[in-house]
Amino acid sequence: AREAYLLPPPLSAEDGALVELLAVGLHGVRLAGVGPGARVLVLGAGPIGLAATWWARRKGATRIVVAAPSPRREAFARKLGASEFITTTGRSDAELEGRIRAALGEPPDVVFECAGFAGAVMQAMQQVRPKGTIVCMGYGLHPEPITTAVPLLKELRVLFSMTYDRADYQEVIATLAAGHLEPRCLVTQTI
């Protein structure tokens, strides 16, 4: 019983189904210290990347780019606060970097790696500004090759986020209960 969270009115069971994934996104955004004026890149447009997008916007990020291999989730990303959505498939690293910089005005302060594909962490390191922050939230069971000169020369802060804590759950529920219900768009069907 002590681990149960009550959903206050007017929250529904569908809203309750969103709490865990939104708490994962919130935890990563908290670790990064996203605040007003931040420029953010989110690699991956799955549920965790979309949750990180929403929280980054709520915490004050002014420009948020979501990059994903397919445009399938672009509408969700934009509803949750993305300023720009970039499809990565078929783009060279240089072209991708140019598109991200053009959309943000300069390299991102924070990169949320939410895709978990081989090479994602290194891609985040290449994209982020010097002395920037990377939060790894993508899950992968593969070795991740890193050219250590990149994070060393940029003096990067690289963090790994392990889900959430009780405070994250409580903030998610309070935020939804206050009427910030944009994440409802993520509920696409009920089984």
Side-chain angles (χ1 to χ4, degrees), residues 20-35 38-59 61 63-74 76-78 80-101 103-104 106-165 168 186:
E20 191 272 345
L21 80 92
L22 292 173
V24 173
L26 173 59
H27 193 73
V29 168
R30 276 188 174 162
L31 283 177
V34 172
R39 291 175 312 277
V40 172
L41 171 62
V42 178
L43 297 176
I48 303 306
L50 294 171
T53 300
W54 188 62
W55 283 111
R57 178 64 72 199
R58 291 201 52 74
K59 298 297 182 181
R63 301 291 299 163
I64 303 170
V65 171
V66 175
S70 160
R72 190 168 59 112
R73 293 189 175 135
E74 180 176 358
F76 294 124
R78 290 190 184 277
L80 295 173
S83 313
E84 187 72 40
F85 188 94
I86 296 172
T87 305
T88 59
T89 302
R91 298 191 193 283
S92 68
D93 290 344
E95 183 184 1
L96 183 58
E97 182 177 347
R99 295 276 317 268
I100 290 166
R101 285 186 186 207
L104 292 174
E106 52 190 274
D109 303 306
V110 178
V111 177
F112 292 101
E113 187 285 294
C114 302
F117 62 84
V121 175
M122 191 66 219
Q123 184 180 45
M125 289 179 176
Q126 291 168 328
Q127 297 295 340
V128 74
R129 71 166 171 80
K131 298 191 180 203
T133 299
I134 297 165
V135 179
C136 300
M137 300 164 71
Y139 184 76
L141 297 173
H142 53 272
E144 184 66 23
I146 294 173
T147 304
T148 56
V150 173
L152 183 132
L153 293 172
K154 285 184 163 184
E155 293 188 343
L156 299 180
R157 187 169 79 121
V158 181
L159 305 166
F160 290 81
S161 179
M162 179 56 187
T163 62
Y164 42 76
D165 60 26
D168 297 321
L186 297 176

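Given the structure is predicted, the values throughout are model-derived calculations rather than measurements. If you read the sequence from its start, that first residue is 1, and numbering goes on from there.
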Tightest non-hydrogen contact, residues Pro108 and Val111, listed as CG-CG2, 3.7 Å

When you measure from the side chain of Ser92 to the backbone of Glu95, do you find a donor-acceptor pair of N or O atoms at a distance under 3.5 Å? yes

Is a side-chain N or O of Thr89 found less than 3.5 angstrom from the main chain of Pro69, in a donor-acceptor match? yes

Report the C-alpha separation of Val29 and Trp54 in whole Å, then their side-chain angles, then the decisive distance to 0.1 Å, and conclude whether the side-chain contact (heavy atoms from CB on, under 4.5 Å) test is met. CA-CA 10 Å; Val29 168; Trp54 188 62; over 6 Å; no

Are Arg39 and Glu106 within salt-bridge range, i.e. N to O under 4.0 Å? yes

Tell me every residue that passes side chain to side chain donor-acceptor pair (under 3.5 Å) with Ser83, counting only those two or more places apart in sequence or in another chain. Arg57

Provide the closest heavy-atom pair for Pro47 versus Leu21 in the form atom of the first, atom of the second, distance. O-CD1, 3.6 Å

Shortest non-hydrogen separation from Ala68 to Phe85 and the atoms involved: CB-CZ, 3.8 Å

Identify the two heavy atoms, one from Trp55 and one from Leu22, that lie closest to each other, and give their separation to 0.1 Å. NE1-O, 2.9 Å

Qualifying residue, where the test is side-chain contact (heavy atoms from CB on, under 4.5 Å) with Val66 and the options are Thr53, Leu80, Ile86: Thr53

On a heavy-atom basis, the closest approach of Val135 and Gly28 is CG2-O, 3.8 Å

Please answer whether the main-chain N or O of Tyr164 pairs with a side-chain N or O of Arg30 as donor and acceptor at a distance below 3.5 Å. no

Backbone N/O of Ala120 and side chain of Glu144: donor-acceptor pair under 3.5 Å: yes

Contacts of Glu74 meeting side chain to side chain donor-acceptor pair (under 3.5 Å) (sequence neighbours excluded), chain-then-number -> Arg78

Minimal heavy-atom distance between Val34 and Lys59, with the atoms involved, is O-CB, 3.7 Å

Contacts of type side chain to side chain donor-acceptor pair (under 3.5 Å), residue Arg58, not counting sequence neighbours: His180

So, taking the atom named CZ in Phe117 and the one named CG in Leu43, what distance separates them when rounded to the nearest 0.5 Å? 6.0 Å

Spacing of Glu113 atom CD and Cys136 atom SG [to the nearest 0.5 Å]: 5.5 Å

How long is the straight-line distance from CG of Leu26 back to OG1 of Thr163, given to the nearest 0.5 Å? 11.5 Å

Does any N or O in the side chain of Lys154 come within less than 3.5 Å of the main-chain N or O of Gly132, such that one atom is a donor and the other an acceptor? no

Using a 4.5 Å cut-off on heavy atoms from C-beta on, say whether the side chain of Arg99 contacts that of Glu84. yes

dist Leu41:CG -> Gln123:CD (nearest 0.5 Å) comes out at 7.5 Å

